[in-house]
Amino acid sequence: MVAQNRDAAAPKTILESLAGTRVLVIEARYYEDIADELLAGARSAIEAVGAEAHVFTVPGALEIPAAMAILLKAGERRGEPYDAAVALGCVIRGETGHYDIVAGESARALMDLSVSERLPLGNGILTVETMEQALVRARVSQMNKGGGAAEAALSLVAIKRAANLESAR
């Protein structure tokens with residue numbers, strides 16, 4: 001997690017004042033057991049700071065960036081913009097080069113979206129060699145990568161808000 005600026009005028013903790021934060025969560029359900037664990041971890045982290053999770057489902061990791069862009073724009077048009085987004089899914093290496101395309105292109109598209117829109121984003125798309133690796137990383141009781149992705153996005157929201165406060169001074 002990013003450390004807060006040590007300036008005395010800065011908020012006491014980086015996740016302070018996140019109640020009501022709207023977090024768009026896009027989950028790929030290609031591997032259902034893994035998706036369930038990733039989502040449970042993300043929801044827990046989001047709820048722990050009083051933020052709101054708005055969950056949408058897509059078939060696989062390649063669909064996550066497009067769905068995210070569509071839903072971000074829809075939220076804006078409704079006058080209910082999202083403050084952050086979390087991508088959840090899993091890509092397991094197979095016998096062909098498809099893994100490299102899915103893993104690389106989904107990560108690239110998410111990074112492009114995050115940077116171009118200045119969107120606090122947590123990327124919880126696991127890229128692993130085996131199902132066993134995926135389960136260890138996804139399980140809330142083990143590595144909890146869904147929770148970690150949500151915490152990363154929320155940390156970026158706090159940084160964005162702190163930066164906006166600094167520029168208003």
Side-chain angles (χ1 to χ4, degrees), residues 1-5 10-91 106-107 109-126 134 137-168:
M1 185 184 308
V2 176
Q4 177 65 33
N5 180 338
K12 292 177 185 164
T13 67
I14 197 147
L15 297 180
E16 200 171 74
S17 304
L18 293 177
T21 298
R22 293 172 45 83
V23 182
L24 173 62
V25 179
I26 309 289
E27 63 157 348
R29 302 283 312 165
Y30 193 82
Y31 299 103
E32 299 244 344
D33 292 347
I34 295 166
D36 289 342
E37 287 288 328
L38 290 169
L39 183 58
R43 278 189 191 275
S44 180
I46 292 165
E47 291 168 3
V49 298
E52 305 168 12
H54 299 261
V55 181
F56 294 85
T57 300
V58 296
L62 269 180
E63 292 78 35
I64 292 173
M68 190 172 287
I70 290 165
L71 292 164
L72 287 167
K73 185 59 75 179
E76 249 177 54
R77 286 188 181 140
R78 285 192 319 270
E80 299 174 339
Y82 293 101
D83 300 298
V86 177
L88 302 174
C90 181
V91 184
S106 61
L110 288 171
M111 185 58 67
D112 288 350
L113 182 62
S114 177
V115 172
S116 70
E117 300 297 320
R118 288 156 189 77
L119 172 69
L121 175 83
N123 185 346
I125 300 176
L126 306 178
R137 284 161 178 75
R139 284 189 185 118
V140 174
S141 63
Q142 291 182 294
M143 294 180 77
N144 191 17
K145 292 296 185 176
E151 289 168 357
L154 292 165
S155 293
L156 290 170
V157 169
I159 289 168
K160 186 175 181 179
R161 289 180 180 172
N164 286 337
L165 288 175
E166 287 296 321
S167 66

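Along the sequence shown, the residues carry numbers beginning at 1. The structure presented is a predicted model; accordingly, all values stated were derived computationally and were not measured.
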Engineer: So, taking the atom named NZ in Lys145 and the one named CG in Leu126, what distance separates them when rounded to the nearest 0.5 Å?
Structural biologist: 8.0 Å
Engineer: Looking only at heavy atoms, what is the nearest atom pair of Pro81 and Arg22, with distance?
Structural biologist: O-NE, 3.1 Å
Engineer: Which pair of heavy atoms, one from Gly124 and one from Leu38, lies closest together, and at what distance?
Structural biologist: O-CD1, 3.9 Å
Engineer: So, for Gly122 and Ala153, which heavy atoms are closest and what is the spacing to 0.1 Å?
Structural biologist: N-CB, 3.6 Å
Engineer: By ring-ring contact (aromatic ring centres under 6.0 Å, His included), which residues pair with Tyr30, not counting sequence neighbours?
Structural biologist: none
Engineer: If we only count heavy atoms from C-beta on, is the Arg161 to Thr21 side-chain gap below 4.5 Å?
Structural biologist: yes
Engineer: Are Val140 and Glu37 close enough that some pair of their side-chain heavy atoms sits under 4.5 Å apart?
Structural biologist: yes
Engineer: So Val25 and Ile46, side chain to side chain contact (heavy atoms under 4.5 Å, CB included) or not? Walk me through it.
Structural biologist: CA-CA 10 Å; Val25 179; Ile46 292 165; 3.8 Å; yes
Engineer: Find out whether Leu121 and Leu113 are in side-chain contact, i.e. whether some heavy atom of one side chain is under 4.5 Å from a heavy atom of the other.
Structural biologist: no
Engineer: Please find the pair of heavy atoms, one from Ala61 and one from Val91, that lie closest to each other, and give the distance.
Structural biologist: CB-CG2, 3.9 Å
Engineer: Which atoms form the tightest heavy-atom contact between Leu88 and Gly146, and what is the distance?
Structural biologist: CD2-CA, 3.9 Å
Engineer: Measure the CG-CD distance between Leu24 and Glu52 for me, rounded to the nearest 0.5 Å.
Structural biologist: 12.5 Å
Engineer: When rounded to the nearest 0.5 angstrom, what is the spacing between CD1 in Ile64 and OG1 in Thr57?
Structural biologist: 10.0 Å
Engineer: Any side-chain heavy-atom pair from Leu71 and His54 closer than 4.5 angstrom?
Structural biologist: no
Engineer: State the CD1-CG distance between Ile125 and Leu62, to the nearest 0.5 angstrom.
Structural biologist: 8.5 Å
Engineer: Could you tell me which non-hydrogen atom of Ala134 sits nearest to which non-hydrogen atom of Ile34, and how far apart they are?
Structural biologist: CB-CD1, 3.3 Å
Engineer: Do Leu156 and Lys160 come within less than 4.5 Å of each other through their side chains, counting heavy atoms only?
Structural biologist: no
Engineer: Output every pair passing side chain to side chain donor-acceptor pair (under 3.5 Å) with a member in residues 77-90, not counting sequence neighbours, ordered by first then second residue.
Structural biologist: Arg78-Glu80
Engineer: Under the rule for side chain to side chain contact (heavy atoms under 4.5 Å, CB included), what residues qualify as partners of Ala35, not counting sequence neighbours?
Structural biologist: Glu27, Arg29
Engineer: Just by distance, do the side chain of Ser155 and the backbone of Glu151 share a donor-acceptor pair under 3.5 Å?
Structural biologist: yes
